[in-house]
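Have a look at the structure below before the remarks.
Note that ligands are numbered from 1 as they come in the structure, with each ligand's atoms numbered from 1 the same way. Please read these numbers as outputs of a predicted model, since none were measured by experiment.
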Amino acid sequence: MKEFQENSHFDKINILVVGSGAREHALAWKLSHSPRTKNIYVAPGNPGLDSMSKLTPIKVDDLDGLINFALELRPGLVVIGPESPLAAGLVNHLEAIGLKVFGPLATAARLETSKVFAKQFMVRHGIPTAAWASFTSVGEALRYLEGWPDGPIVVKVAGLAAGKGVTVARDRGEAVAAVRAAMEERCFGVAGEVVIIEDYLEGEEVSVLCFTDGQTIVPMPAVQDHKRLGEGDTGPNTGGMGAYSPVSAYTSEVAAQVERTIIKPTLAGLKAEGLDFRGCLYCGLMLPASGSPYQGPQVIEYNARFGDPEAQVLVPILKSDLVEIMLACAGGTLAGQTIEWRDEASVAVVVASGGYPDDFDTGLVVTEKIPSRAGASLIFHGGTAVNQNGEIVTSGGRVMTIVARDLTLEKALLKAYDRVRAIHFKNSYYRRDIGYRELARRQLTED
Ligand code: AMP
Ligand code: GLY
(Lines give C-alpha, C1' and ligand atoms only; values in the text may rest on other atoms or scores of the structure.)
(Ligands and ions follow the chains in the order given, each with its own letter.)
Protein backbone atom coordinates (compact mmCIF):
# COMPACT_ATOMS: atom_id res chain seq x y z
CA MET A 1 0.00 0.00 0.00
CA LYS A 2 2.82 2.39 0.93
CA GLU A 3 4.51 1.55 -2.36
CA PHE A 4 1.28 2.38 -4.20
CA GLN A 5 0.87 5.71 -2.43
CA GLU A 6 4.42 6.76 -3.15
CA ASN A 7 3.90 6.20 -6.84
CA SER A 8 0.35 7.47 -7.06
CA HIS A 9 -0.66 10.44 -9.19
CA PHE A 10 -1.37 12.50 -6.10
CA ASP A 11 2.12 12.44 -4.68
CA LYS A 12 4.32 15.44 -5.12
CA ILE A 13 7.89 14.78 -6.06
CA ASN A 14 11.22 16.53 -5.91
CA ILE A 15 12.85 16.99 -9.29
CA LEU A 16 16.55 17.39 -10.01
CA VAL A 17 17.45 19.21 -13.23
CA VAL A 18 21.09 18.97 -14.37
CA GLY A 19 22.42 21.89 -16.40
CA SER A 20 22.88 25.64 -16.36
CA GLY A 21 21.62 27.06 -19.63
CA ALA A 22 18.49 28.76 -20.90
CA ARG A 23 17.27 25.31 -21.97
CA GLU A 24 17.34 24.07 -18.38
CA HIS A 25 15.73 27.33 -17.18
CA ALA A 26 12.87 26.77 -19.65
CA LEU A 27 12.44 23.10 -18.67
CA ALA A 28 12.48 23.94 -14.95
CA TRP A 29 9.99 26.76 -15.53
CA LYS A 30 7.56 24.33 -17.16
CA LEU A 31 8.17 21.61 -14.56
CA SER A 32 7.47 24.17 -11.81
CA HIS A 33 3.91 24.58 -13.13
CA SER A 34 3.01 20.95 -12.53
CA PRO A 35 0.80 19.99 -9.60
CA ARG A 36 3.14 17.00 -9.21
CA THR A 37 6.15 19.16 -8.36
CA LYS A 38 7.20 19.63 -4.75
CA ASN A 39 10.59 21.28 -5.16
CA ILE A 40 12.91 21.70 -8.12
CA TYR A 41 16.65 21.42 -7.56
CA VAL A 42 19.00 22.54 -10.30
CA ALA A 43 22.68 21.64 -10.52
CA PRO A 44 24.31 24.09 -11.01
CA GLY A 45 21.58 26.29 -12.59
CA ASN A 46 21.86 30.03 -13.04
CA PRO A 47 20.50 33.20 -11.36
CA GLY A 48 17.34 33.16 -13.48
CA LEU A 49 16.34 29.92 -11.77
CA ASP A 50 16.83 31.26 -8.26
CA SER A 51 13.19 32.18 -7.65
CA MET A 52 11.67 28.87 -8.81
CA SER A 53 14.21 26.32 -7.64
CA LYS A 54 16.93 25.46 -5.18
CA LEU A 55 20.32 25.89 -6.80
CA THR A 56 23.07 23.51 -5.86
CA PRO A 57 26.58 24.42 -7.04
CA ILE A 58 27.54 21.06 -8.56
CA LYS A 59 28.92 21.26 -12.09
CA VAL A 60 27.45 19.05 -14.83
CA ASP A 61 30.74 17.17 -15.25
CA ASP A 62 31.16 16.44 -11.55
CA LEU A 63 29.68 12.96 -11.77
CA ASP A 64 30.51 11.95 -8.18
CA GLY A 65 29.08 15.20 -6.85
CA LEU A 66 25.84 14.71 -8.78
CA ILE A 67 25.49 11.06 -7.77
CA ASN A 68 26.09 11.84 -4.09
CA PHE A 69 23.61 14.68 -4.19
CA ALA A 70 21.01 12.44 -5.86
CA LEU A 71 21.64 9.72 -3.27
CA GLU A 72 20.91 12.22 -0.51
CA LEU A 73 17.89 13.86 -2.15
CA ARG A 74 16.38 10.77 -3.79
CA PRO A 75 14.35 12.88 -6.25
CA GLY A 76 11.27 11.39 -7.91
CA LEU A 77 12.64 12.46 -11.32
CA VAL A 78 16.02 13.55 -12.69
CA VAL A 79 16.15 15.54 -15.94
CA ILE A 80 19.48 15.80 -17.75
CA GLY A 81 19.81 18.92 -19.95
CA PRO A 82 23.20 18.80 -21.72
CA GLU A 83 25.02 16.07 -23.61
CA SER A 84 28.26 15.79 -21.64
CA PRO A 85 26.80 14.07 -18.53
CA LEU A 86 24.89 11.73 -20.88
CA ALA A 87 28.16 10.84 -22.60
CA ALA A 88 29.82 10.28 -19.23
CA GLY A 89 27.13 7.79 -18.19
CA LEU A 90 25.34 9.80 -15.51
CA VAL A 91 22.03 8.14 -16.39
CA ASN A 92 23.56 4.67 -15.92
CA HIS A 93 24.74 5.62 -12.44
CA LEU A 94 21.47 7.25 -11.39
CA GLU A 95 19.35 4.34 -12.64
CA ALA A 96 21.65 1.94 -10.81
CA ILE A 97 20.64 3.65 -7.55
CA GLY A 98 16.97 3.25 -8.44
CA LEU A 99 16.12 6.73 -9.73
CA LYS A 100 13.81 7.65 -12.61
CA VAL A 101 15.77 9.59 -15.19
CA PHE A 102 14.76 11.51 -18.30
CA GLY A 103 17.76 10.94 -20.54
CA PRO A 104 19.31 8.01 -22.42
CA LEU A 105 21.95 5.58 -21.22
CA ALA A 106 25.48 6.33 -22.47
CA THR A 107 25.38 3.64 -25.16
CA ALA A 108 22.19 5.11 -26.65
CA ALA A 109 23.50 8.68 -26.31
CA ARG A 110 26.23 7.70 -28.82
CA LEU A 111 23.70 8.74 -31.48
CA GLU A 112 24.83 12.22 -30.50
CA THR A 113 28.23 11.73 -28.90
CA SER A 114 29.82 9.83 -31.82
CA LYS A 115 29.04 11.06 -35.30
CA VAL A 116 30.64 7.92 -36.80
CA PHE A 117 28.36 5.73 -34.69
CA ALA A 118 25.35 7.82 -35.76
CA LYS A 119 26.23 7.58 -39.46
CA GLN A 120 26.84 3.82 -39.25
CA PHE A 121 23.55 3.41 -37.36
CA MET A 122 21.73 5.24 -40.16
CA VAL A 123 23.35 3.05 -42.78
CA ARG A 124 22.45 -0.13 -40.82
CA HIS A 125 18.81 0.92 -40.61
CA GLY A 126 18.32 2.54 -44.02
CA ILE A 127 17.74 6.01 -42.57
CA PRO A 128 18.29 8.76 -45.18
CA THR A 129 21.43 10.87 -44.62
CA ALA A 130 24.14 12.58 -46.69
CA ALA A 131 26.79 10.31 -48.28
CA TRP A 132 29.92 10.32 -46.16
CA ALA A 133 33.33 8.88 -45.41
CA SER A 134 35.34 8.92 -42.17
CA PHE A 135 39.10 9.33 -41.73
CA THR A 136 41.59 8.65 -38.98
CA SER A 137 44.58 10.02 -40.88
CA VAL A 138 45.05 13.53 -42.16
CA GLY A 139 46.81 12.26 -45.31
CA GLU A 140 43.87 10.09 -46.31
CA ALA A 141 41.39 12.87 -45.65
CA LEU A 142 43.37 15.31 -47.80
CA ARG A 143 43.75 12.76 -50.61
CA TYR A 144 39.99 12.19 -50.55
CA LEU A 145 39.41 15.93 -50.90
CA GLU A 146 41.82 16.12 -53.85
CA GLY A 147 39.56 13.80 -55.80
CA TRP A 148 36.45 15.82 -54.94
CA PRO A 149 34.86 18.11 -57.56
CA ASP A 150 35.14 21.67 -56.28
CA GLY A 151 32.05 23.03 -54.55
CA PRO A 152 30.59 23.02 -51.05
CA ILE A 153 31.39 20.09 -48.78
CA VAL A 154 30.99 19.45 -45.05
CA VAL A 155 33.77 18.53 -42.61
CA LYS A 156 32.80 17.31 -39.13
CA VAL A 157 34.89 16.25 -36.17
CA ALA A 158 33.50 12.93 -34.97
CA GLY A 159 33.44 13.65 -31.22
CA LEU A 160 31.65 16.21 -29.08
CA ALA A 161 32.75 19.78 -29.85
CA ALA A 162 30.09 21.96 -28.23
CA GLY A 163 28.35 22.55 -31.56
CA LYS A 164 31.49 23.99 -33.16
CA GLY A 165 32.99 20.93 -34.83
CA VAL A 166 31.18 21.31 -38.17
CA THR A 167 32.54 23.31 -41.10
CA VAL A 168 30.30 23.87 -44.07
CA ALA A 169 33.15 24.56 -46.50
CA ARG A 170 32.37 26.63 -49.59
CA ASP A 171 35.19 25.00 -51.54
CA ARG A 172 38.00 22.49 -51.30
CA GLY A 173 40.40 25.06 -49.81
CA GLU A 174 38.14 25.66 -46.84
CA ALA A 175 37.61 21.94 -46.41
CA VAL A 176 41.37 21.32 -46.39
CA ALA A 177 41.81 24.04 -43.74
CA ALA A 178 39.08 22.45 -41.60
CA VAL A 179 40.68 19.00 -41.86
CA ARG A 180 44.08 20.43 -40.89
CA ALA A 181 42.62 22.42 -37.99
CA ALA A 182 40.96 19.31 -36.56
CA MET A 183 43.58 16.66 -37.29
CA GLU A 184 46.92 18.53 -37.25
CA GLU A 185 46.32 21.52 -35.00
CA ARG A 186 43.95 19.54 -32.80
CA CYS A 187 41.65 22.54 -32.34
CA PHE A 188 38.98 20.22 -30.90
CA GLY A 189 41.30 17.93 -28.97
CA VAL A 190 40.47 14.22 -29.14
CA ALA A 191 37.08 15.00 -30.72
CA GLY A 192 39.00 15.65 -33.96
CA GLU A 193 40.96 12.39 -34.05
CA VAL A 194 38.39 11.12 -36.50
CA VAL A 195 36.90 13.38 -39.15
CA ILE A 196 33.83 12.85 -41.33
CA ILE A 197 33.56 14.40 -44.76
CA GLU A 198 30.06 14.42 -46.21
CA ASP A 199 27.94 15.76 -49.04
CA TYR A 200 26.63 19.26 -48.64
CA LEU A 201 22.83 19.28 -48.55
CA GLU A 202 21.01 22.39 -49.61
CA GLY A 203 17.54 23.05 -48.30
CA GLU A 204 15.43 23.93 -45.31
CA GLU A 205 16.66 22.77 -41.91
CA VAL A 206 14.21 21.73 -39.19
CA SER A 207 14.61 20.24 -35.74
CA VAL A 208 12.13 17.53 -34.85
CA LEU A 209 12.39 16.64 -31.18
CA CYS A 210 10.60 13.53 -29.93
CA PHE A 211 9.62 12.20 -26.54
CA THR A 212 10.41 8.53 -26.25
CA ASP A 213 10.36 5.81 -23.63
CA GLY A 214 12.21 3.39 -25.91
CA GLN A 215 8.95 1.71 -27.01
CA THR A 216 6.78 4.61 -28.15
CA ILE A 217 7.95 7.77 -29.85
CA VAL A 218 6.00 11.03 -30.04
CA PRO A 219 7.28 13.92 -32.17
CA MET A 220 6.85 17.49 -30.96
CA PRO A 221 6.00 20.39 -33.30
CA ALA A 222 8.86 21.10 -35.72
CA VAL A 223 11.19 23.98 -34.85
CA GLN A 224 13.54 25.95 -37.09
CA ASP A 225 16.77 26.99 -35.40
CA HIS A 226 19.12 29.72 -36.68
CA LYS A 227 22.56 28.25 -36.22
CA ARG A 228 24.67 30.86 -37.96
CA LEU A 229 25.78 33.94 -36.08
CA GLY A 230 24.90 36.48 -38.72
CA GLU A 231 21.67 37.66 -40.30
CA GLY A 232 20.63 35.82 -43.44
CA ASP A 233 22.37 32.69 -42.08
CA THR A 234 25.90 33.97 -42.56
CA GLY A 235 29.05 33.74 -40.43
CA PRO A 236 30.16 30.97 -38.11
CA ASN A 237 28.01 28.20 -36.68
CA THR A 238 26.82 28.74 -33.10
CA GLY A 239 24.80 26.69 -30.63
CA GLY A 240 21.71 28.46 -32.02
CA MET A 241 20.79 32.17 -32.13
CA GLY A 242 17.01 31.88 -32.18
CA ALA A 243 14.20 29.61 -33.27
CA TYR A 244 10.50 29.41 -33.96
CA SER A 245 7.68 26.93 -34.29
CA PRO A 246 5.61 25.77 -36.13
CA VAL A 247 7.43 25.65 -39.48
CA SER A 248 5.09 25.82 -42.49
CA ALA A 249 7.60 23.98 -44.71
CA TYR A 250 7.11 21.03 -42.38
CA THR A 251 3.68 20.17 -43.80
CA SER A 252 1.62 17.24 -42.52
CA GLU A 253 2.79 15.29 -45.61
CA VAL A 254 6.43 15.94 -44.76
CA ALA A 255 5.76 15.05 -41.12
CA ALA A 256 4.20 11.75 -42.18
CA GLN A 257 7.19 11.01 -44.43
CA VAL A 258 9.63 11.82 -41.60
CA GLU A 259 7.75 9.51 -39.23
CA ARG A 260 7.82 6.71 -41.79
CA THR A 261 11.38 7.07 -43.09
CA ILE A 262 13.24 8.49 -40.09
CA ILE A 263 11.51 8.50 -36.70
CA LYS A 264 10.04 4.99 -36.69
CA PRO A 265 13.15 3.36 -38.24
CA THR A 266 15.31 5.15 -35.66
CA LEU A 267 13.26 3.76 -32.78
CA ALA A 268 13.19 0.32 -34.39
CA GLY A 269 16.98 0.49 -34.85
CA LEU A 270 17.51 1.45 -31.22
CA LYS A 271 15.33 -1.46 -30.10
CA ALA A 272 16.97 -3.94 -32.46
CA GLU A 273 20.40 -2.97 -31.13
CA GLY A 274 19.28 -3.12 -27.50
CA LEU A 275 19.91 0.59 -26.97
CA ASP A 276 17.79 1.98 -24.17
CA PHE A 277 16.75 5.50 -25.11
CA ARG A 278 14.35 7.19 -22.71
CA GLY A 279 14.26 10.95 -23.03
CA CYS A 280 14.31 13.44 -25.88
CA LEU A 281 15.54 12.24 -29.25
CA TYR A 282 16.33 15.25 -31.40
CA CYS A 283 16.40 14.69 -35.17
CA GLY A 284 18.15 17.51 -37.00
CA LEU A 285 16.75 17.28 -40.53
CA MET A 286 17.32 18.79 -43.94
CA LEU A 287 14.38 19.06 -46.32
CA PRO A 288 16.31 19.11 -49.61
CA ALA A 289 15.80 22.00 -51.99
CA SER A 290 14.12 21.20 -55.32
CA GLY A 291 16.74 20.06 -57.80
CA SER A 292 18.82 18.41 -55.08
CA PRO A 293 20.02 14.89 -55.89
CA TYR A 294 18.65 13.91 -52.49
CA GLN A 295 14.97 12.98 -52.34
CA GLY A 296 12.95 13.43 -49.16
CA PRO A 297 14.00 14.51 -45.66
CA GLN A 298 17.57 13.63 -44.59
CA VAL A 299 19.09 13.35 -41.11
CA ILE A 300 21.86 15.91 -40.53
CA GLU A 301 22.44 14.85 -36.93
CA TYR A 302 20.86 13.27 -33.90
CA ASN A 303 21.00 14.76 -30.44
CA ALA A 304 20.20 12.81 -27.31
CA ARG A 305 18.65 15.76 -25.48
CA PHE A 306 16.51 18.85 -25.92
CA GLY A 307 17.97 21.51 -28.19
CA ASP A 308 18.87 24.97 -27.01
CA PRO A 309 17.00 27.19 -28.06
CA GLU A 310 14.49 24.57 -29.31
CA ALA A 311 13.42 23.75 -25.73
CA GLN A 312 12.78 27.42 -24.98
CA VAL A 313 10.45 27.62 -28.01
CA LEU A 314 8.59 24.41 -27.24
CA VAL A 315 7.81 24.53 -23.54
CA PRO A 316 5.54 27.61 -23.66
CA ILE A 317 3.30 25.92 -26.24
CA LEU A 318 3.17 22.56 -24.45
CA LYS A 319 -0.27 22.34 -22.84
CA SER A 320 0.22 19.01 -21.10
CA ASP A 321 2.05 18.39 -17.84
CA LEU A 322 5.78 18.00 -18.52
CA VAL A 323 6.36 16.12 -15.25
CA GLU A 324 3.85 13.44 -16.26
CA ILE A 325 5.38 13.18 -19.74
CA MET A 326 8.93 12.88 -18.43
CA LEU A 327 7.91 10.32 -15.81
CA ALA A 328 6.18 8.33 -18.56
CA CYS A 329 9.34 8.45 -20.69
CA ALA A 330 11.52 7.37 -17.79
CA GLY A 331 9.09 4.66 -16.71
CA GLY A 332 8.20 3.17 -20.10
CA THR A 333 4.53 4.23 -20.07
CA LEU A 334 4.51 6.87 -22.79
CA ALA A 335 1.88 5.02 -24.85
CA GLY A 336 -0.79 5.99 -22.31
CA GLN A 337 0.21 9.63 -22.12
CA THR A 338 -1.69 12.54 -23.67
CA ILE A 339 0.54 15.22 -25.13
CA GLU A 340 -1.19 18.38 -26.29
CA TRP A 341 0.18 21.57 -27.81
CA ARG A 342 -1.26 25.06 -28.12
CA ASP A 343 -2.21 26.02 -31.64
CA GLU A 344 0.07 29.04 -31.48
CA ALA A 345 3.37 30.32 -32.83
CA SER A 346 6.33 30.56 -30.51
CA VAL A 347 9.62 32.34 -31.06
CA ALA A 348 12.93 32.55 -29.21
CA VAL A 349 15.62 35.20 -29.68
CA VAL A 350 19.03 34.66 -28.11
CA VAL A 351 20.88 37.68 -26.72
CA ALA A 352 24.60 36.86 -26.85
CA SER A 353 27.92 38.32 -25.77
CA GLY A 354 29.63 40.28 -28.57
CA GLY A 355 32.43 38.07 -29.91
CA TYR A 356 30.59 34.74 -29.37
CA PRO A 357 31.19 32.01 -30.60
CA ASP A 358 34.86 33.06 -30.29
CA ASP A 359 36.28 35.17 -27.47
CA PHE A 360 34.08 37.48 -25.45
CA ASP A 361 34.20 39.39 -22.18
CA THR A 362 32.31 38.22 -19.11
CA GLY A 363 31.27 39.99 -15.92
CA LEU A 364 29.37 42.72 -17.82
CA VAL A 365 26.39 44.06 -15.88
CA VAL A 366 23.01 43.20 -17.42
CA THR A 367 20.13 45.62 -16.95
CA GLU A 368 16.57 45.41 -18.16
CA LYS A 369 14.31 48.37 -18.71
CA ILE A 370 11.07 46.44 -18.39
CA PRO A 371 8.85 47.25 -21.36
CA SER A 372 5.14 47.83 -20.82
CA ARG A 373 4.30 44.43 -22.30
CA ALA A 374 6.94 42.55 -20.29
CA GLY A 375 4.38 40.00 -19.10
CA ALA A 376 3.80 39.02 -22.70
CA SER A 377 7.21 37.37 -22.98
CA LEU A 378 9.47 35.03 -21.04
CA ILE A 379 13.10 35.48 -20.22
CA PHE A 380 15.31 32.43 -19.77
CA HIS A 381 18.82 32.96 -18.44
CA GLY A 382 21.76 31.11 -19.98
CA GLY A 383 25.23 32.58 -19.40
CA THR A 384 24.55 34.78 -16.38
CA ALA A 385 25.98 35.03 -12.87
CA VAL A 386 25.62 37.36 -9.86
CA ASN A 387 28.53 39.63 -8.95
CA GLN A 388 29.65 40.83 -5.51
CA ASN A 389 27.17 43.73 -5.65
CA GLY A 390 24.30 41.36 -6.29
CA GLU A 391 23.96 42.47 -9.91
CA ILE A 392 23.28 40.09 -12.80
CA VAL A 393 26.35 39.88 -15.02
CA THR A 394 27.26 37.98 -18.17
CA SER A 395 29.16 34.71 -17.75
CA GLY A 396 28.78 32.95 -21.10
CA GLY A 397 28.27 33.28 -24.83
CA ARG A 398 24.53 32.89 -25.06
CA VAL A 399 23.45 35.14 -22.19
CA MET A 400 19.64 35.00 -22.32
CA THR A 401 16.80 33.72 -24.48
CA ILE A 402 13.63 35.78 -24.85
CA VAL A 403 10.53 33.81 -25.81
CA ALA A 404 7.05 34.90 -26.81
CA ARG A 405 4.02 33.09 -28.19
CA ASP A 406 0.93 34.38 -29.96
CA LEU A 407 -1.60 33.46 -32.60
CA THR A 408 0.79 34.38 -35.39
CA LEU A 409 4.56 34.41 -35.75
CA GLU A 410 4.44 38.14 -36.57
CA LYS A 411 2.73 38.94 -33.26
CA ALA A 412 5.04 36.69 -31.29
CA LEU A 413 8.07 38.37 -32.92
CA LEU A 414 6.82 41.84 -31.94
CA LYS A 415 6.53 40.79 -28.32
CA ALA A 416 9.87 39.01 -28.25
CA TYR A 417 11.87 41.82 -29.87
CA ASP A 418 10.15 44.38 -27.62
CA ARG A 419 11.71 42.56 -24.68
CA VAL A 420 15.04 41.92 -26.40
CA ARG A 421 15.51 45.66 -26.97
CA ALA A 422 14.96 46.32 -23.26
CA ILE A 423 17.96 44.18 -22.25
CA HIS A 424 21.29 45.96 -22.06
CA PHE A 425 24.89 44.98 -21.52
CA LYS A 426 28.09 46.10 -23.18
CA ASN A 427 28.60 44.59 -26.64
CA SER A 428 25.37 42.61 -26.57
CA TYR A 429 24.42 41.00 -29.87
CA TYR A 430 21.29 39.40 -31.27
CA ARG A 431 20.03 38.47 -34.70
CA ARG A 432 17.27 40.78 -35.89
CA ASP A 433 15.90 38.35 -38.46
CA ILE A 434 14.72 35.33 -36.49
CA GLY A 435 11.88 33.68 -38.44
CA TYR A 436 12.84 35.37 -41.71
CA ARG A 437 12.48 32.20 -43.80
CA GLU A 438 8.97 31.67 -42.48
CA LEU A 439 8.00 35.29 -43.11
CA ALA A 440 9.35 35.01 -46.67
CA ARG A 441 7.33 31.83 -47.25
CA ARG A 442 4.18 33.63 -46.07
CA GLN A 443 4.92 36.45 -48.45
CA LEU A 444 5.22 33.98 -51.31
CA THR A 445 1.91 32.28 -50.56
CA GLU A 446 0.15 35.66 -50.17
CA ASP A 447 1.51 37.07 -53.45
P1 AMP B 1 25.59 19.29 -36.90
O2 AMP B 1 26.37 19.59 -35.64
O3 AMP B 1 25.94 18.01 -37.54
O4 AMP B 1 24.14 19.55 -36.73
O5 AMP B 1 25.98 20.45 -37.90
C6 AMP B 1 25.82 21.82 -37.56
C7 AMP B 1 25.18 22.55 -38.71
O8 AMP B 1 25.99 22.44 -39.86
C9 AMP B 1 23.84 21.99 -39.12
O10 AMP B 1 22.82 22.46 -38.33
C11 AMP B 1 23.75 22.47 -40.54
O12 AMP B 1 23.36 23.83 -40.58
C13 AMP B 1 25.16 22.36 -41.02
N14 AMP B 1 25.36 21.06 -41.67
C15 AMP B 1 25.78 19.91 -41.10
N16 AMP B 1 25.83 18.91 -42.01
C17 AMP B 1 25.45 19.43 -43.18
C18 AMP B 1 25.30 18.93 -44.50
N19 AMP B 1 25.60 17.67 -44.81
N20 AMP B 1 24.87 19.78 -45.46
C21 AMP B 1 24.59 21.06 -45.19
N22 AMP B 1 24.73 21.61 -43.97
C23 AMP B 1 25.14 20.82 -42.97
N1 GLY C 1 20.16 24.29 -31.20
C2 GLY C 1 20.86 23.15 -31.58
C3 GLY C 1 21.25 22.24 -30.51
O4 GLY C 1 20.83 22.37 -29.38
O5 GLY C 1 22.00 21.31 -30.76
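The cationic group of Arg186 does not satisfy the cation-pi geometry with Phe188, failing either the under 6.0 Å distance to the six-membered ring centre or the 45° limit from the ring axis. No cation-pi contact links Arg23 to Phe306, judged by a cut-off of 6.0 Å to the six-membered ring centre and 45° from its axis.
The side-chain contact (heavy atoms from CB on, under 4.5 Å) test with Gln337 singles out one residue from Ile325, Asp213, Asp321, and that residue is Ile325.
Applying the 4.0 Å criterion to heavy atoms of Tyr200 picks out, from ligand 1, the atoms 20 (N), 21 (C). If you number the atoms of ligand 1 from 1 as listed, the ones under 4.0 Å from a heavy atom of Lys156 come out as 3 (O), 15 (C), 16 (N). Residue Glu198 approaches ligand 1 through these ligand atoms, each under 4.0 Å from one of its heavy atoms: 16 (N), 17 (C), 18 (C), 19 (N). Counting atoms of ligand 1 from 1 in the listed order, those under 4.0 Å from a heavy atom of Asn237 are 7 (C), 8 (O).
For Thr167, there are no side chain to side chain donor-acceptor pair (under 3.5 Å) partners, not counting sequence neighbours.
One finds no salt bridge joining Lys115 and Glu198 here, because no Lys/Arg side-chain nitrogen approaches an Asp/Glu carboxylate oxygen to under 4.0 Å. A salt bridge is defined here as a Lys NZ or Arg NE, NH1 or NH2 lying under 4.0 Å from an Asp or Glu carboxylate O, and Arg431 with Asp233 meets this definition. Using a 4.0 Å cut-off between charged side-chain N and carboxylate O, Lys415 and Glu344 make no salt bridge. Note on Asp361 versus Lys426: no salt bridge recorded, every NZ/NE/NH1/NH2 to OD/OE distance being 4.0 Å or above.
In summary, the aromatic rings of His25 and Trp29 are positioned with their centroids too far apart to meet the 6.0 Å limit.
The shortest heavy-atom distance from Lys115 to ligand 1 is under 4.0 Å.
Residue Glu273 places its CD atom among more than 12 non-hydrogen atoms of other residues, nucleotides or ligands, all under 6.0 Å distant.
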Pairs under 3.5 angstrom, nitrogen or oxygen on both sides, ligand 2 versus protein: list them out, please.
| unit_1 | atom_1 | unit_2 | atom_2 | d |
| --- | --- | --- | --- | --- |
| ligand 2 | 1 (N) | Asp225 | OD2 | 2.7 |
| ligand 2 | 1 (N) | Gly239 | O | 3.0 |
| ligand 2 | 1 (N) | Asp308 | O | 2.9 |
| ligand 2 | 1 (N) | Glu310 | OE1 | 2.9 |
| ligand 2 | 1 (N) | Glu310 | OE2 | 3.4 |
| ligand 2 | 4 (O) | Arg305 | NH1 | 3.1 |
| ligand 2 | 4 (O) | Asp308 | N | 2.9 |
| ligand 2 | 5 (O) | Asn303 | ND2 | 3.4 |
| ligand 2 | 5 (O) | Arg305 | NH2 | 3.0 |

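In terms of polar-atom proximity, defined here as any N/O pair under 3.5 Å, Val166 makes no such contact with ligand 1.
If you look at Val168 next to ligand 1, the close heavy atoms, those under 4.0 Å, all belong to the side chain.
The nearest non-hydrogen atom to atom 12 (O) of ligand 1, considering only Glu205, Lys227, His226, Gln298, comes from Glu205.
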